[in-house]
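The sequence lines fix the lettering, A, B, ..., with proteins before strands; numbering per chain opens at 1.
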There are 2 protein chains.
Amino acid sequence: MSRGSPFKHAKADDSAGFLLWKITTLWQRKLAEVLSEFGITQTQFALLASLRWFEEQQQPTSQTHLVDHTKIDKMTVSKSLRQLEAAGLVVREPSDLDSRATRIRFSARGKKLIQKAIVAIENADAAFFSCLNKKQLTVYKSLAVLIIGHNQG
Amino acid sequence: MSRGSPFKHAKADDSAGFLLWKITTLWQRKLAEVLSEFGITQTQFALLASLRWFEEQQQPTSQTHLVDHTKIDKMTVSKSLRQLEAAGLVVREPSDLDSRATRIRFSARGKKLIQKAIVAIENADAAFFSCLNKKQLTVYKSLAVLIIGHNQG
DNA sequence: GTCATATAGTAAACTGGTTTACTATATCGC
DNA sequence: GCGATATAGTAAACCAGTTTACTATATGAC
């Protein structure tokens with residue numbers, strides 16, 4: 001934690017974790033703002049994006065698949081998918097492979113929405129990091145990959 | 001968002017925002033784990049750390065000061081401070097400068113706890129970023145500062 | 001002084017998400 | 001097959017934090 005003003009201005013002598021916290025706050029805010037246009041939360045976005053990935057692989061998708069893939073806890077996944085169903089963005093139906101499981105699919109509306117949402121997020125992303133030039137962005141991302149590798153599992 | 005597996009492995013061709021989201025998740029998890037030993041949330045930690053900063057400046061601190069400083073919304077600040085008061089970590093008393101305002105101070109226990117918590121967080125921070133050497137860390141932080149500067153206000 | 005406006009803080013209702021404890025089905029060892 | 005164990009999903013209670021709408025005090029214009 002900075003020995004100077006810990007919250008007002010980002011400084012290079014702030015700890016990495018503190019800078020991370022600030023970036024995150026700003027990024028989350030932007031994310032929430034973009035997603036609110038689509039009427040979905042970050043969690044729901046992650047689930048839909050994950051679902052899209054499974055559908056691209058042509059894999060029938062259960063809630064458990066989404067849990068494993070997104071690392072979102074299963075109760076949250078259960079509730080969020082019911083909300084998404086209520087919003088008409090996904091369809092839930094009993095799996096024919098495993099009668100305990102629920103198969104999740106996009107509705108037509110849901111598929112369209114996630115396409116658009118992903119584009120919007122990509123744009124927001126580009127804008128957020130637009131102060132870095134190509135080289136800096138590459139460096140930033142490679143360091144990020146290092147940190148992630150170091151801290152997961 | 002990656003065109004490959006979007007959630008399993010961090011890759012340098014993932015978008016910066018997606019990598020940020022992953023790092024953040026990992027960092028928040030670690031943070032929550034460390035803070036749970038002290039029985040406080042991240043929000044409460046931020047408030048206590050901010051309060052410590054004000055007390056170091058020898059400034060009498062109101063809830064509004066904490067709101068401005070931490071950018072946490074005022075209702076959350078109000079509730080969190082009441083919890084912290086109930087936990088015996090801070091003292092709330094009417095301000096003598098402004099009779100609408102509440103002055104916030106550490107209890108002895110609160111002061112001790114935040115010292116220790118800050119050390120614990122600093123250690124967690126060092127461990128989290130320990131895969132970067134000194135130079136890399138400096139680069140990472142300077143890019144972070146750029147990004148923050150670009151995106152706030 | 002007094003009226004209009006701004007500020008400090010909060011109650012109540014709500015939201016998103018987690019924890020705990022459970023049901024129902026599947027699978028594995030025998 | 002059949003009993004033990006694991007897995008898919010959920011209901012209910014709970015928790016942290018936000019939104020909305022409000023009270024009370026302070027401040028500024030006149």
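- One can place CG of Leu81(B) at 13 Å from P of dA11(C), the figure rounded to the nearest angstrom.
- The separation between Glu93(B) atom CD and dG9(C) atom P is 13 Å, rounded to whole Å.
- In this entry the distance linking CG of Asp73(B) with C1' of dA21(D) reads 14 Å, nearest Å.
- The residue among Gln42(A) and Thr102(B) whose nearest nucleotide of DNA chain C lies closer to the 5′ end is Thr102(B).
- Of the listed nucleotides (dA8(D), dA11(C), dA6(C)), dA11(C) has the atom at the smallest distance from the side chain of Arg82(B).
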Can you tabulate the close N/O pairs, meaning under 3.5 Å, that link protein atoms to atoms of nucleotides 12-16 of chain C?
{"residue": "dA13(C)", "atom": "N6", "partner": "Lys79(B)", "partner atom": "NZ", "Å": "3.4"}

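- In this structure, Ser99(B) does not reach the dT25(D) phosphate: none of its side-chain N or O atoms is under 4.0 Å from OP1 or OP2.
- As a whole-Å value, the separation of Leu66(A) CG from dG9(D) P is 9 Å.
- Contact annotation for Arg92(B): backbone-only contact, meaning every heavy-atom pair under 4.0 Å involves sugar-phosphate atoms and none involves a base.
- Here Thr76(B) lies in heavy-atom contact (under 4.0 Å) with a base.
- Contact check on Glu33(B) versus Arg29(B) returns no salt bridge, with no Lys/Arg side-chain nitrogen under 4.0 Å from an Asp/Glu carboxylate oxygen.
- Between Leu84(B) atom CG and dG17(D) atom P the separation is 10 Å, expressed in whole Å.
- Under 4.0 angstrom from either OP1 or OP2 of dT10(D) there lies at least one side-chain N or O belonging to Gln63(A).
- Nearest nucleotide to the side chain of Asp98(A), out of dT18(D), dT25(D), dA8(D): dA8(D).
- Phosphate proximity of dA8(C) to Ser62(B): absent, as no side-chain N or O sits under 4.0 Å from OP1 or OP2.
- Within the 4.5 Å cutoff, the side chain of Leu31(B) has no heavy atoms near those of the Val34(B) side chain.
- Following rounding to the nearest Å, Glu85(A) (CD) and dG9(D) (P) show an atom-to-atom distance of 13 Å.
- Here CD1 of Ile40(B) is found 11.5 Å from CD of Gln83(B). Values are rounded to the nearest 0.5 Å.
- In this structure, Leu97(B) atom CG and dA26(D) atom P are separated by 11 Å, rounded to whole Å.
- We find the CG-CD1 distance between Leu89(B) and Ile114(B) to be 9.0 Å, quoted to the nearest 0.5 Å.
- Of the candidates Glu55(B), Glu93(B), Glu85(B), Arg105(B) forms a salt bridge (Lys or Arg N to Asp or Glu O under 4.0 Å) with just one, namely Glu93(B).
- Side-chain N/O atoms of Ser78(B) include one lying less than 4.0 angstrom from OP1 or OP2 on dT10(C).
- Distance Lys74(A) NZ to dA11(D) C1': 13 Å, rounded to the nearest Å.
- Here OG1 of Thr138(A) is found 9.5 Å from NZ of Lys135(A). Values are rounded to the nearest 0.5 Å.
- Here the closest heavy-atom approach between residue Ile72(A) and residue Val67(A) is recorded as O-CG1, 3.5 Å.
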